[in-house]
Amino acid sequence: MPELPDVELVRRRLQRGIGGAIITAAHSTDRRVLRPQSPSAFGRALSGRTVREVNRRGKWLRILLDDDARLFSHLGMTGWWVERDRDSPKQRSERARIDVLRNDGRPSSVRYLDSRRFGRLIVAKEDITEWRSLGPDPLVDGIRVQALVDKLGRSRRAVKEALMDQSVLAGVGNILATEALFNARIDPRSRSDALSRAEIGKIARGLDTALRHELDARERAATDDFLDVFSVYGRAGEPCPRCRSPIARVVLGGRTTTFCKKCQIRRGRPAARTKRRKTRRRPAN
DNA sequence: CTCTATGTTTAATT
DNA sequence: GAATTAAACATAGA
């Protein structure tokens with residue numbers, strides 16, 4: 001579930017649950033999620049510390065501690081944090097837990113759930129490269145059209161692939177990019193550097209609209225379940241909500257992309273590439 | 001059984 | 001070198 005709106009919701013939840021609290025215990029034994037750190041380092045770095053604040057940039061969360069150490073959390077594809085009673089049993093997908101004593105005196109516990117384990121937990125003394133190399137965050141920094149023009153105008157990739165580049169705008173994933181381009185009425189296969197300034201302005205607006213719509217839906221949702229509040233994402237074959245023509249499906253940058261061929265305008269095509277012989281790589285076994 | 005999935009990194013290829 | 005691509009990671013659900 002994690003794209004920017006989901007991660008922002010999780011940030012607020014963590015801030016409420018453990019912001020200002022003393023960590024009484026922290027455990028994780030999952031070497032996949034902790035890669036490449038040792039499970040003992042996780043507990044050692046967190047236990048006894050006080051949580052100063054919980055921040056977010058793009059899809060990364062940062063939990064700042066009183067000794068200036070910090071825990072970074074990326075949710076991958078299926079990661080999620082939940083607040084539970086301290087004695088609440090471990091779920092199958094639980095990969096880590098942090099138990100705290102809040103300053104209102106109430107004990108609490110947050111659990112990291114992640115069935116596929118694409119997510120990561122990283123303890124560090126300073127900001128990690130993955131965090132520092134993120135582009136501007138649409139909520140934290142706002143979306144500046146000129147910055148987008150500078151970046152998109154220099155890329156020859158399909159505009160949707162460029163939008164999902166975390167150094168262009170942090171937090172834009174497959175859903176947001178798909179929805180933003182539908183709102184902007186621009187074909188996701190358009191060559192990024194073929195777009196006019198006005199069109200990039202429309203993408204910025206479309207992104208802002210999609211972002212607020214999803215954040216709003218997340219805020220009022222009663223559960224953590226996947227929310228289907230999208231115009232075209234996941235709707236291949238269904239009628240376009242604007243013109244009723246069937247929604248098309250293509251693959252860009254390895255990700256399923258849906259759009260309306262009728263009302264999303266194409267601006268140039270991706271760079272011509274020489275045909276390539278079909279080759280098969282043997283799986284690393 | 002097959003196919004798909006909200007993300008990122010890595011190795012291979014142009 | 002850069003840029004682009006498919007595959008890999010691991011699991012659940014339809």
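In what follows, every chain begins at residue 1, and chains take the letters A, B, ... in the order their sequences are listed. Because the structure is predicted, anything quoted here is derived from the model rather than measured.
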Salt bridge check, [Y] against [X]: does any charged N sit closer than 4.0 Å to a carboxylate O?
| X | Y | answer |
| --- | --- | --- |
| A/Lys262 | A/Asp187 | no |
| A/Arg218 | A/Asp216 | no |
| A/Arg52 | A/Asp68 | yes |

field: Spacing of the C1' atoms in C/dT4 and B/dT6 (rounded, Å)
entry: 23 Å

- request: Determine the Euclidean distance between corresponding P atoms of C/dA10 and B/dA11; express it in Å to zero decimal places.
  value: 15 Å

Roughly, in whole Å, what's the span from [atom1] in [X] to [atom2] in [N]?
| X | N | atom1 | atom2 | value |
| --- | --- | --- | --- | --- |
| A/Gln166 | B/dT9 | CD | C1' | 13 Å |
| A/Leu252 | C/dT4 | CG | P | 13 Å |
| A/Met77 | B/dT9 | CE | P | 13 Å |
| A/Asp114 | C/dC9 | CG | C1' | 12 Å |
| A/Ile122 | B/dT8 | CD1 | P | 12 Å |
| A/Glu214 | B/dT6 | CD | C1' | 9 Å |
| A/Arg116 | B/dT4 | CZ | P | 13 Å |
| A/Glu130 | B/dT8 | CD | C1' | 10 Å |

Contact under 4.0 Å: [X] side-chain N or O vs [N] OP1/OP2:
| X | N | answer |
| --- | --- | --- |
| A/His74 | B/dG7 | no |
| A/Lys59 | B/dG7 | yes |
| A/Arg255 | B/dT8 | no |
| A/Arg120 | B/dT8 | no |
| A/Thr256 | B/dA5 | yes |

Under 4.0 Å between any heavy atoms, over every strand shown, what does [X] touch: base, sugar-phosphate, or nothing? Just pick one.
| X | answer |
| --- | --- |
| A/Ser93 | nothing |
| A/Arg92 | sugar-phosphate |
| A/Gly173 | sugar-phosphate |

query: Is the closest side-chain donor-acceptor distance between A/Arg120 and A/Gln37 under 3.5 Å?
result: no

field: Side chain of A/Arg156 - closest among C/dT4, C/dA12, B/dT8
entry: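 Ranking C/dT4, C/dA12, B/dT8 by closest atom to the A/Arg156 side chain puts C/dT4 first.
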
- request: With DNA chain B as reference, determine whether A/Gly253 or A/Arg249 sits nearer its 5' end, using the nearest nucleotide of each.
  value: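 The residue mapped nearer the 5' terminus is A/Arg249.
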
Side chain to side chain donor-acceptor pair (under 3.5 Å) partner of A/Asp137, the single match among A/Arg56, A/Gln166, A/Lys59: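 Result: among A/Arg56, A/Gln166, A/Lys59, A/Arg56 is the only option passing the side chain to side chain donor-acceptor pair (under 3.5 Å) with A/Asp137.
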
query: Is A/Val168 reachable from A/Leu195 through a run of I, L, V, M, F, W or Y residues, each pair having side-chain heavy atoms under 4.5 Å apart?
result: yes

field: Cation-pi check, A/Arg266 onto A/Phe259 ring (under 6.0 Å, within 45° of axis)
entry: no

message: Does the structure show A/Phe118 stacking with C/dC9, if we require the centres to be closer than 5.5 Å and the planes to be within less than 30 degrees of parallel?
response: yes

field: Enclosure of A/Arg12 CZ (heavy-atom neighbours >12, cutoff 6.0 Å)
entry: yes

message: Base of C/dA10, side chain of A/Arg32 - is there a donor-acceptor contact under 3.5 Å?
response: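 Looking at the base of C/dA10, it does not pair with any donor or acceptor on the side chain of A/Arg32 (distance under 3.5 Å).
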
- prompt: According to a 3.5 Å limit on both distances, what stems of 3 or more consecutive Watson-Crick or G-U pairs are formed with DNA chain B?
  reply: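 The stems are B:2-5 with C:11-14, B:7-14 with C:2-9.
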
